[in-house]
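Report on the following structure.
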Amino acid sequence: MEFDLNNQGEIDLMSVKRMMEKMGAPKTHLELKKMISEVTGGVSETISYQDFVNVMLGKRSAVLKLVMMFEGKANESNPKPSGPPPERDIASLP
């Protein structure tokens, strides 16, 4: 929904471009066209919601694997502190 700006249930080339840039993996127009063609089987120039779900949940989904890996690493690197925060004085402030 975030990238379906016209609310038609499909993601076009520019929406895919914005999505990939937001994920930190910018692609060229040619790469994006190839991605869309692979997802839709060359039938359409836009990715439907159903195609998107199939790609995200599919066995060959590199994007889903990257997201899961990123979430796992984010959880590991940000352990939640337990107990009250340490006391600070004026000298320790930035």
Side-chain angles (χ1 to χ4, degrees):
M1 290 177 61
E2 180 179 347
F3 299 103
D4 180 16
L5 300 178
N6 58 8
N7 294 321
Q8 293 182 345
E10 296 182 336
I11 303 173
D12 63 359
L13 180 79
M14 292 309 293
S15 297
V16 174
K17 182 172 179 59
R18 279 191 297 277
M19 179 175 62
M20 296 303 292
E21 287 172 352
K22 188 169 183 176
M23 290 174 47
K27 302 289 181 193
T28 66
H29 283 275
L30 187 59
E31 290 172 317
L32 294 170
K33 285 183 178 183
K34 184 177 178 184
M35 281 176 43
I36 291 172
S37 179
E38 288 177 11
V39 169
T40 64
V43 177
S44 176
E45 293 182 0
T46 59
I47 299 174
S48 69
Y49 176 74
Q50 187 61 47
D51 288 337
F52 181 78
V53 170
N54 288 340
V55 167
M56 294 305 289
L57 298 178
K59 292 179 183 176
R60 294 178 48 197
S61 174
V63 174
L64 182 59
K65 289 176 186 173
L66 287 173
V67 168
M68 298 303 285
M69 182 178 71
F70 177 76
E71 287 181 355
K73 287 185 178 183
N75 290 338
E76 291 172 6
S77 64
N78 295 330
K80 296 193 177 195
S82 59
E87 290 188 26
R88 298 181 75 176
D89 61 0
I90 298 291
S92 69
L93 295 175

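All values below were derived from every heavy atom in this structure, side-chain atoms included, with hydrogens, water molecules and symmetry-related copies excluded. Everything numeric here is computed off the predicted structure, so don't read it as measured data.
Taking CD1 of Ile36 as the start and CD1 of Ile47 as the end, the distance is 5.0 Å to the nearest 0.5 Å. Here CG of Leu13 is found 9.5 Å from CE of Met35. Values are rounded to the nearest 0.5 Å.
Residues forming a side chain to side chain donor-acceptor pair (under 3.5 Å) with Ser44 (at least two apart in sequence, or on another chain): Thr46.
With hydrophobic clusters built from ILVMFWY side chains whose heavy atoms lie under 4.5 angstrom apart, Met23 shares a cluster with Val16.
Residue pairs satisfying the side chain to side chain donor-acceptor pair (under 3.5 Å) criterion with at least one member in residues 29-39, sequence neighbours excluded, are listed as follows: Thr28-Glu31. For residues 6-17, every residue pair satisfying the salt bridge (charged side-chain N to carboxylate O under 4.0 Å, His left out) rule, not counting sequence neighbours, is listed here: Lys17-Glu21.
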